[in-house]
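First the structure, in the form of C-alpha cells, and then the observations on it.
Chain letters run A, B, ... following the sequence lines, proteins first, then strands; residues in each count from 1.
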Amino acid sequence: MTGGPGARFLSDCEVLANDEVAPEQWRMRLRAPSIAAEAKPGQFCMMLTNPTQYPFLRRPMCFEQIFDQEVTILYKVEGEGTALMAGTPPGQRIQVQGPLGIGFDTDDDAFARHIIVAGGIGVASFPSLAKALTARGVIPEVIIAARHAHLILCEDFFRELGCEVHVATDDGSLGEQAFACDVLTRLKPDSDTRVYACGPMIMMKTTSDAAIAAGANCVVSLEAQMACGDGACLGCVVESTEEAEGEAMVRVCVDGPVFDTTRIDWAAHNLAYAP
Amino acid sequence: MTGGPGARFLSDCEVLANDEVAPEQWRMRLRAPSIAAEAKPGQFCMMLTNPTQYPFLRRPMCFEQIFDQEVTILYKVEGEGTALMAGTPPGQRIQVQGPLGIGFDTDDDAFARHIIVAGGIGVASFPSLAKALTARGVIPEVIIAARHAHLILCEDFFRELGCEVHVATDDGSLGEQAFACDVLTRLKPDSDTRVYACGPMIMMKTTSDAAIAAGANCVVSLEAQMACGDGACLGCVVESTEEAEGEAMVRVCVDGPVFDTTRIDWAAHNLAYAP
Amino acid sequence: MPRDATDTDDMNLAVNMGGLPMKNPVTVASGTFGYGQEYNQYFDITRLGAVTTKSLSLKVRAGNKPPRLVETPAGLLNAIGLQNVGIETYLSEKAPFLRKQGATIIGNIYGHSPDEYVELASRLEQESAADAIEANLSCPNVHDAKTASGAVLVSQDPDAIIEYTKAIRSATTLPLFIKLSPNVADIQEPALAVQEGGADGVCLINTLLGMSINPKTRRPRLSNIVGGLSGPAIRPVAVKMVWDAARVLSIPIIGTGGICTANDAIEFLLAGATAVSVGSMTFRQPDAPMQVLDGIKTYLKQHRIERVEELIGAMEV
Amino acid sequence: MPRDATDTDDMNLAVNMGGLPMKNPVTVASGTFGYGQEYNQYFDITRLGAVTTKSLSLKVRAGNKPPRLVETPAGLLNAIGLQNVGIETYLSEKAPFLRKQGATIIGNIYGHSPDEYVELASRLEQESAADAIEANLSCPNVHDAKTASGAVLVSQDPDAIIEYTKAIRSATTLPLFIKLSPNVADIQEPALAVQEGGADGVCLINTLLGMSINPKTRRPRLSNIVGGLSGPAIRPVAVKMVWDAARVLSIPIIGTGGICTANDAIEFLLAGATAVSVGSMTFRQPDAPMQVLDGIKTYLKQHRIERVEELIGAMEV
Ligand SMILES: Cc1cc2nc3c(=O)[nH]c(=O)nc-3n(C[C@H](O)[C@H](O)[C@H](O)COP(=O)(O)OP(=O)(O)OC[C@H]3O[C@@H](n4cnc5c(N)ncnc54)[C@H](O)[C@@H]3O)c2cc1C
Ligand SMILES: Cc1cc2nc3c(=O)[nH]c(=O)nc-3n(C[C@H](O)[C@H](O)[C@H](O)COP(=O)(O)OP(=O)(O)OC[C@H]3O[C@@H](n4cnc5c(N)ncnc54)[C@H](O)[C@@H]3O)c2cc1C
Ligand SMILES: Cc1cc2nc3c(=O)[nH]c(=O)nc-3n(C[C@H](O)[C@H](O)[C@H](O)COP(=O)(O)O)c2cc1C
Ligand SMILES: Cc1cc2nc3c(=O)[nH]c(=O)nc-3n(C[C@H](O)[C@H](O)[C@H](O)COP(=O)(O)O)c2cc1C
Ligand code: FES
Ligand code: FES
C-alpha cells in the first residue's frame, strides 16, 4: 500500500483544539471524518486560513496524526497564513481539502532498519508514519534535529512508541550539538536501511547525501509553494533526474510530496529560493 | 460647542463586548479612553475590520454612546467588513481612529423643539445625541422607522431618557405602518423645530423635504464611501448647493457627516449609486 | 437521460460563444484547470459550459525552473512557462477522458509561429479533440525576462495578431478565439485586430506582468524573475478591458480575471462578456466554477431574468 | 536642534533624488496625503524624505461627481478627477504650513497643455513653494470614459511626453520628475522619453485603469464609470515596471504602488527605485509612511547595511 492517490474531499472541518505546544509551534485538532478515513502518513491537506480573500491561497499542511474521525496538524507560525491558523478558536470551521499527494510507503518490507530524520517542523508528518510502522512491528529509530531546544517536538511521542530517539540541536541546547546528517552517519545506515527525511531543503539534501553515501535507501518529503494541490497548476514542481522533457519536472503535490531522493535533481535545485 | 474637529487619535482598542442585539444588528463596546474623552455625538471613527489587508479600507462607524473611557458602536452586518466586526471576540484589540468629523451641535438653543428621525441602522448615532440634549434639559422627540419590527433599535433607551418615541415600520409589524417623513409631518414641526435625520439616503431626502416644507431647521448625518476619513483623499464628497467650483463638493468625513440639509444639493445626488 | 437534469432544464443559461454553443456561460481559465480530469473528483465537469485546457504546444514542455509561484495580495504571480504534455499526449491521453465524460472542450494552444498554431489547430480538429480553439497569443512566461528590453508578445502587436489569426483561421472550421494580454495601452487595438483576422471571439485577459522580490534574500521570488499576475487583485482591470473591447467589437468575448463569485461573473457579463472563465479562484476553492454557475442561476431567479443573454453588455450608464 | 534627532543622525538614510536631497527615501503618493497638514496630527510630517502634494491645477477643480471611490480586493478604485484647491490657494494657504514645519516639498502639478504645466511649475518655483516638481502626465480620471475609444493620456505617447517634459524643463530649475501611467505595453518607452525630455526623474506608477459594476443595480460603482486602481493589489505590476525602467534609465525613479510595509518599500529599492512613496496604505493606517521609514531603518540595522543607497537596484539575479 503506497499512500495515495485515492478519494479526496473538500470539507468544512470543525476545529476541536488549537494549542501552542512550544513557542510559535501549534497543534490543531480537526474533526474530519472523510479525510481521516482516507489519509495515509505523509499525505497532506490544503487549508484555508482566512474566510476573506487574503491570503488568497491555501496552505499545505501534512497530517501529524490520523485518528478515526480526526486528524491533527502540527505547524509553525511562519507568516500571515499560519498566524491566522493560530488565531482560529476551537468551534470554528475551516475548509480543508485532502488527503492529497503520495505519502510514505509503510508496507514495504524490503528494509530491516528504518530511520526517521526530522529537521525542525519537518517532524510534523512523522508521528503518523512511526505509528503505522510500529503497527506492523517495525520500530523506527528517530533523529530529531532543530536549531534550538524549544524547537524539538514530539520527542515523548516517539519514545512512548518505543523508538530510540536521538536529539540534536544546532546550538547544543538539547541533546547533542550536531546536524541531522552527522547523527545519521554515526548511526551507520546500510543497504538494509530506509531513511525518511523531512525538514528544510538544505537539511534534506545533506541527509539524503549521507544516506546515499552509506548505501541506504532514502525518501524525502519535499516542500514547495503550492496553488492548487491537485496537479493542475504546475506551480509546485522540482527538477527531477529524468532527462526526458516531459519528466524533467515532478509535482510535489501529486507526484510527491514523498519522493525517493534519487528522483530529485538536487544539483539543479537552487537553495537560494527555498521557501 | 459644535462637535469637532479636535484632537484625533489612532488607538488599539480592546473589544469589551460584542453582541448581536437584533438579527444582524450588533453592539460593540470598546475601551477607548482618548477617543472617548474627545468624542461628540454625531462624530465617527474609522475601524479596521481585519488585521490582514482584506478588506483593505477601514469602515466608518459613528459613536452610539460615549462614556468615560469607553464608546459603543451599533452596527448592521452589511457585507464582509461588518461581518468581520461581528466575528471579533471580546478581548481582541482593533485599530480605531477618531473622533472624526463634525457632529451635532448640541448647544444651540435657537430651537425650542428637537425631533430625531432615525431610519434603520441610522439610529446608531442618536443615543449619544439624545443624552447630550437631555443633559441640558432639552428632551427630543424621537421617530424610529425601519422596514420591519426587528430592525427597530434603541426604543427603550430613548423612552428611559424621557423621550416621546414614535415607531413606524414599512410593513406595520411594529408601531404604525408609515414612512419616517410622514410621521414627521404629522408631528407638525415648525420654524422653532430642529430635525435631526439619519438613515438611508432616500429617507434622509424625504425627511429633509418634509422638514423644510414645514419651515423647520434640518440637519442630516450623511453616509459615503470613505477611504481616509481625514479629508485627504477627496473620495467621500457629496454635491453641495454652493455654486463656486471650490465649494461645489463637501467632504462627508471632515465637513460632515452632519450637515445642514440646505447645504446639500439633493437634486444632484444620484440615489442609484447609494451605498 | 442527461447527467444533470437541473442544468439542462435551465435553457435560459445557454449562450452562443462565437459559434460554440455553451449550455451555460461558465468555463475555466486555461492553465488553472489542468486537462479537466484533476477536478472531476470535486464536481461533474460536464456541468461547465466548456472545459478550457491548459495551453498545448507541439512538443511536450518542461516549463520554467522553480520557483514558479508566489502569492501576492489578493492574487498570485505565476511563471509556469507553459509546461504541458504536448499535443500528441493530449490527443491520446487527455482528450479521450473529456470526450468520454461528454464535456464541451475549448482547446487552448500555444506555438512559436503561425505555422505551429496552424498545426495545433488542425490536429485538434482532425482528432475531434476540441469544440473550439483558443489561441494563446499572450503568455508572459515564455521569454527571458533578463533581456534589457521587455519581451514583445504577439498580442502586443496588432499586425502580428492579424497575421497569426488569419493563419489559424484558414486552418480550422472550429470556432476560433484569441486570448489577449492586458499589457497594452489600449485593448481596443488588439481586440479589433482579432476581429479583422477573422476569429470568432476574444478572450480577455491573460495575466498582467508583475514581479516580486524577497527582501531577505534580495532575489526575485520567481526564478524567471517576472511572472503573470492573476486573481481577484486584477479583476477591476479585466472588467474595464472587457467593457472597452465590447464597445467596439461585433464578435463575443470570454471574460477572465479574478472571477471568484457569481457576482464577479455577472460583472463581466454586464460589461459585455458572453462567457466567463474562472481561473485562480479554483486554486482556493476547487468547486468555485460550480459555485459561480449556481450563483448565476440564483441571481437570474432573484432578478426574474429569463435568459442569461439578457445580461450581456447590460450595464446601465 | 533638529526636530527629530534620530532621523538626522541616520545619515545613511539619505538619497539624492535627481538633485533633490532627501533625508530618507520615503515620500507619500500624490493625492493620498492631501497637502500634508491632514496627517501632521498623526506624525511629524517633516520626518518624511519629502511631502508630495495632491496634483495642483491652475484653477480650483471640483472633480468628478460622486461616488468616486470603490473598494476592490486588496485595493481601491478612485475617480476623484483631480479635485484640488488650485495653485493660488495652495500658494497662499497650504505651502506656508509645509514651509513653516520645514518639510521638503514635491509639488505635483496637472495641466491641460504644456503651457499650463509651465505656468504651474513657474509659480511653484517663484514662490519657493516646492523643492521639486512632479508633473502628473498620467491621471486616468479626467476624461470622459463613455467615449468609445479609450482616452489617450499624455504619458501613453512618448512624443507628447518629450514635448511636455521639454517645456516644463525650460520653465524651472527645480528638480523635475514626470509621473507615468502603467497603462502601456512597455514602460521603457515613456520612461526613456522622460529622460530624453530632460527631466531629473521618473515617478512610477500612477493607477491602473479599472472599473467595477454593481450586479444589484447593474450600474458602474463609480459615477465616472472608470477609475484608477491602487493599493497592494497592484504592487507586483509596479515593481516590475520600476525594474524595467531602471535597467534602461540613467535618471532615478520614485517607486509607487501598493507599498504598505518596509519590506514592500525595500522591494522597490532593490528593483531600482531611489525613493518610494506610500499611497493608499495611508488610508488604512494613517501613520503608514512612518512605519515604513522605521522599518527600513530596522532592516538596514539587521542586515548591517551602511547606507540605504546600497539597496538601490541591488536585486541579485
Ligand atoms: C506538502 C507540504 C506539507 C507541509 N506541512 C507542513 C506542516 O505539517 N506543518 C508546517 O508547519 N508547515 C508545513 N508546510 C509548510 C507550510 O505550508 C508553510 O509554512 C506555510 O505555507 C507558510 O505560510 P504563511 O502564510 O504562514 O507564511 P508566509 O511566509 O506568509 O507565506 C508566503 C507564501 O509562501 C508559502 N510558503 C512559505 N513557506 C513555505 C514552505 N515552507 N513550504 C511551502 N510554501 C511555503 C506560503 O504558502 C505562502 O504562499 C508544508 C508544506 C508543504 C508543501
Ligand atoms: C460617517 C459614517 C458613519 C457610519 N456609522 C455607522 C454605524 O454607526 N453603524 C452602521 O451599521 N453603519 C454605519 N455606517 C455605514 C457603514 O460604514 C457601512 O455599512 C459599512 O462600511 C459596510 O461595510 P461592509 O464591508 O460590511 O459592507 P460592503 O457592502 O462589503 O462594503 C463594500 C464597500 O462599501 C462601503 N459601504 C457599504 N455600505 C456603506 C454605507 N452605508 N456607507 C458608507 N460606505 C458603505 C464599505 O465601506 C465598503 O468599502 C456609517 C457610514 C458613515 C459614512
Ligand atoms: C498557474 C497559471 C497558469 C496559467 N496558464 C495559462 C496557459 O497555459 N494558457 C493561457 O492562455 N493562460 C494561462 N493562464 C492565465 C489564465 O488562463 C487567466 O487568463 C488568468 O489567470 C486570469 O484569470 P484569473 O485571475 O481568474 O486567474 C494561467 C494562469 C495561472 C494562474
Ligand atoms: C484617492 C487617490 C487620489 C490620487 N490622486 C492623485 C493625484 O492627484 N495626482 C497623482 O499624480 N496621482 C494621484 N493618485 C495616484 C497615487 O499617487 C499613486 O500613484 C497610486 O495610488 C499608486 O500608489 P498606491 O498603490 O500606493 O496608492 C491618487 C491615488 C488615489 C488612491
Ligand atoms: S500545487 Fe498545483 S500542481 Fe502542485
Ligand atoms: S474619506 Fe477621504 S476625504 Fe473624506
Between B:Met46 and chain D, which part of the residue has a heavy atom less than 4.5 Å away: side chain, backbone, both or neither? neither
Would D:Val60 and B:Glu247 count as a side-chain contact (heavy atoms from CB on, under 4.5 Å) here? Give the steps. CA-CA 9 Å; D:Val60 55; B:Glu247 325 264 275; over 6 Å; no
Ignoring hydrogens, what is the shortest heavy-atom contact between B:Arg8 and D:Tyr42? Give both atom names and the distance. CD-OH, 3.4 Å
Between D:Thr89 and chain B, with a heavy-atom cut-off of 4.5 Å, which part of the residue counts as in contact: side chain, backbone, both or neither? neither
With a 4.5 angstrom heavy-atom cut-off, is it the side chain or the backbone of B:Ala268 that approaches chain D, or both, or neither? both
Heavy-atom nearest pair, B:Glu245 first then D:Ala62, reads OE2-N, 2.9 Å
Would D:Gln41 and B:Phe9 count as a side-chain contact (heavy atoms from CB on, under 4.5 Å) if you check the C-alpha gap in whole Å, the side-chain angles of each, and the deciding distance to 0.1 Å? CA-CA 8 Å; D:Gln41 54 203 331; B:Phe9 305 93; over 6 Å; no
Determine whether more than 12 heavy atoms belonging to other residues, nucleotides or ligands lie under 6.0 Å from atom CZ of B:Phe259. yes
Please check if atom CZ in D:Arg99 has more than 12 non-hydrogen atoms from other residues, nucleotides or ligands closer than 6.0 Å. yes
Enter the distance from B:Phe56:CZ to D:Ser230:OG here, rounded to the nearest 0.5 Å. 7.0 Å
Looking at D:Lys54, D:Met281, D:Gln37, D:Lys59, which one has more heavy-atom pairs under 4.5 Å with chain B than the rest? D:Met281
Output for pair (B:Leu57 CG, D:Leu69 CG), nearest 0.5 Å, gives 7.5 Å
Residue, of B:Ala248, B:Gly231, B:Ala227, B:Gly229, that accumulates the most heavy atom pairs under 4.5 Å with chain D: B:Ala227
What part of B:Asp265 lies closer than 4.5 angstrom to a heavy atom of chain D: side chain, backbone, both or neither? neither
Within the distance-only criterion (no hydrogens, no angle test), does the side chain of B:Gln53 pair as donor or acceptor with the backbone N or O of D:Ala74 below 3.5 angstrom? no
Answer with side chain, backbone, both or neither: which region of D:Tyr39 has an atom nearer than 4.5 Å to a non-hydrogen atom of chain B? side chain
Please classify the contact of B:Val238 with chain D as side chain, backbone, both or neither, using a heavy-atom distance under 4.5 Å. backbone
So, for B:Ala232 and D:Gly34, which heavy atoms are closest and what is the spacing to 0.1 Å? CB-N, 3.6 Å
Quick test of your reading of the model: are D:Lys65 and B:Glu239 salt-bridged, counting only N-O distances below 4.0 Å? yes
Answer with yes or no whether the side chains of D:Glu71 and B:Gln225 bring together a donor and an acceptor at under 3.5 Å. no
Check: B:Arg58 side chain, D:Phe283 main-chain N or O, donor-acceptor pair, under 3.5 Å: yes
With side chains defined as the heavy atoms from C-beta onward, is the minimum distance between B:Met249 and D:Gln83 less than 4.5 Å? yes
Between D:Glu38 and B:Val254, is there a side-chain heavy-atom distance shorter than 4.5 Å? no
Checked D:Pro73, D:Ala233, D:Gly36, D:Gly63 vs chain B; the most non-hydrogen pairs under 4.5 Å come from D:Pro73
Atom of B:Cys233, atom of D:Ile80 and distance for their closest heavy-atom approach: O-CD1, 3.3 Å
Which atoms of B:Leu48 approach chain D - backbone, side chain, both or neither, heavy atom under 4.5 Å: side chain
Part of D:Arg284 within contact of chain B (heavy atom distance under 4.5 Å): both
